[in-house]
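Not measured: the values here are computed from a predicted model.
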Amino acid sequence: MKYNCIIVDDEPLAIEVIKTHVENMGIFTIAGECSNAIEAFQILSSSKIDLMFLDIQMPGVKGTDFLKNLVNPPKVILTTAYRDYALEGYELNVVDYLLKPIPYERFIRAVDKFLNTESRKSLDSLKERFIYLNINKKIHKILIDEIVYVESVKDYLSIHTLSGDIIAKHTISAFELMLPEDEFIRIHRSYIVSIGKIKGFNAQNIEVGKKELPIGPNYQALVFEKLKYPHSKI
């Protein structure tokens, strides 16, 4: 299996070093070589990228600031000539942090960490994830990956899935605890949405499936923090 990667660095020599290392490994397709965050964003918006080699110190937008503003970033290996950024990089949950000049042996170790995360992801994808709910004295199996959004109506939940809607007598707060917290987000006292199925959003609404759902005023800060997008930019 080959993985798509991009190299983001304003120094041509640094790009060449990483490019040579990548090509020597033979497991990546280089989808782009970018000298700034704008070029990288254009590729990320139009292509499926598995791994991004991202330089921290770039003119204009710093690499870490660019990463903080991405809604669904790929896996990232940070590169820099400065040791001082290591802590900031790990706080952003990156795969690894490489100090320039990058030795091939150290590069291999970083890529090995990426491959380990992909292996765990592959194993998880083989497992059918589901929730059991008791509805009208019958146990129903609801696949987590099919849930688009959940709506609370008085004492009932309407669980909107790719296969249809399911009505259950259940509280939204209890149902929220059953869901993977990194994949779902409470946007309103009456709504939970699947982050992976969000099509777009603004300060007031989130578009998911064929619906626009309101973001509750008390949930705005949490929503934008979880979506990794600054509220001030909307």
Side-chain angles (χ1 to χ4, degrees), residues 1-126 180-183 195-196 224-230 233:
M1 176 179 179
K2 282 208 169 188
Y3 298 96
N4 287 332
C5 73
I6 59 172
I7 304 169
V8 188
D9 201 306
D10 64 307
E11 300 176 10
L13 182 58
I15 287 181
E16 283 304 312
V17 170
I18 296 173
K19 183 178 177 181
T20 299
H21 290 346
V22 166
E23 291 174 344
N24 284 339
M25 296 202 73
I27 60 171
F28 291 103
T29 298
I30 299 176
E33 301 168 25
C34 312
S35 61
N36 56 62
I38 294 174
E39 292 177 8
F41 182 75
Q42 290 172 344
I43 294 176
L44 292 173
S45 299
S46 59
S47 306
K48 181 186 180 299
I49 302 300
D50 302 298
L51 178 62
M52 175 166 59
F53 296 95
L54 178 63
D55 182 36
I56 294 178
Q57 280 296 100
M58 294 187 297
V61 180
K62 197 166 72 169
T64 46
D65 291 335
F66 171 57
L67 181 55
K68 289 173 186 175
N69 288 329
L70 292 176
V71 176
N72 290 305
K75 297 294 182 183
V76 173
I77 293 176
L78 289 176
T79 63
T80 183
Y82 304 94
R83 294 181 180 275
D84 298 342
Y85 291 107
L87 179 60
E88 184 179 6
Y90 285 119
E91 287 175 347
L92 289 170
N93 196 30
V94 300
V95 174
D96 208 345
Y97 171 97
L98 294 176
L99 192 64
K100 300 175 184 178
I102 303 169
Y104 185 53
E105 295 76 11
R106 181 65 182 86
F107 183 85
I108 291 174
R109 293 206 304 272
V111 171
D112 189 53
K113 290 181 182 180
F114 162 74
L115 294 175
N116 284 335
T117 64
E118 290 300 297
S119 296
R120 288 196 296 271
K121 187 193 300 182
S122 297
L123 288 173
D124 289 342
S125 68
L126 295 175
E181 63 178 358
D182 60 331
E183 297 177 38
I195 294 174
F224 286 95
E225 178 184 346
K226 202 159 185 179
L227 292 179
K228 296 182 173 63
Y229 195 91
K233 291 196 173 183

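Judged by distance alone, the side chain of D50 and the main-chain N or O of N4 form a donor-acceptor pair under 3.5 Å.
In this structure, CZ in F114 is found 7.5 Å from CD1 in I27, a value given to the nearest 0.5 Å. One finds the CG atom of N72 at 14.0 Å from the CD1 atom of I49 (value rounded to the nearest 0.5 Å). With rounding to the nearest 0.5 Å, the separation of CD in E183 from NZ in K226 is 9.5 Å. Annotation: the span from L98 atom CG to I77 atom CD1 amounts to 6.0 Å, rounded to 0.5 Å. Atom CD in E11 sits 12.5 Å away from atom CD in E16 (nearest 0.5 Å).
A 4.5 Å side-chain heavy-atom check between K113 and K75 finds every atom pair outside the cut-off. Two residues are said to be in side-chain contact when any heavy atoms from C-beta on lie closer than 4.5 Å; Q57 and K62 meet this criterion. Taking 4.5 Å as the limit, every side-chain heavy atom of L51 sits out of range of all side-chain heavy atoms of Y3. Y97 has its side chain within reach of T80: a pair of non-hydrogen atoms, C-beta onward, lies under 4.5 Å apart. At a threshold of 4.5 Å between non-hydrogen side-chain atoms, the residues R106 and D96 count as touching. A 4.5 Å side-chain heavy-atom check between N36 and V61 finds every atom pair outside the cut-off. In this structure the side chain of S35 never reaches within 4.5 angstrom of the side chain of D9, judged on heavy atoms.
Sorted by first and then second residue, the side-chain hydrogen bond (donor to acceptor under 3.5 Å, both in side chains) pairs involving residues 18-33 (not counting sequence neighbours) are K19-E33. Counting only residues at least two apart or on different chains, the ring-ring contact (aromatic ring centres under 6.0 Å, His included) pairs with a member in residues 42-76 are F53-F107.
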task: Please assess M52 against I6 for the test side-chain contact (heavy atoms from CB on, under 4.5 Å), listing each intermediate value before the final yes or no.
output: CA-CA 5 Å; M52 175 166 59; I6 59 172; 3.7 Å; yes
From CA spacing to verdict: side-chain contact (heavy atoms from CB on, under 4.5 Å), I30, C5: CA-CA 5 Å; I30 299 176; C5 73; 4.0 Å; yes
- request: Just do the side-chain contact (heavy atoms from CB on, under 4.5 Å) check on V111 and F28 with the steps written out, would you?
  value: CA-CA 10 Å; V111 171; F28 291 103; 3.7 Å; yes
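Closest approach of A110 and V95 over heavy atoms only: O-CG1, 3.8 Å. Closest of all the heavy-atom pairs between L99 and A81 is CD1-C, 3.8 Å. P103 and P101 make their closest contact through CD-O, 3.2 Å (heavy atoms, listed as atom of the first residue, atom of the second, distance).
For the pair K100 and D55, the salt-bridge criterion is met [side-chain N within less than 4.0 Å of a carboxylate O].
Residues satisfying the salt bridge (Lys or Arg N to Asp or Glu O under 4.0 Å) criterion with E225, sequence neighbours excluded, are absent altogether.
Considering I15, V17, L54, I18 as possible partners of T79, the one that fulfils the side-chain contact (heavy atoms from CB on, under 4.5 Å) test is I18.
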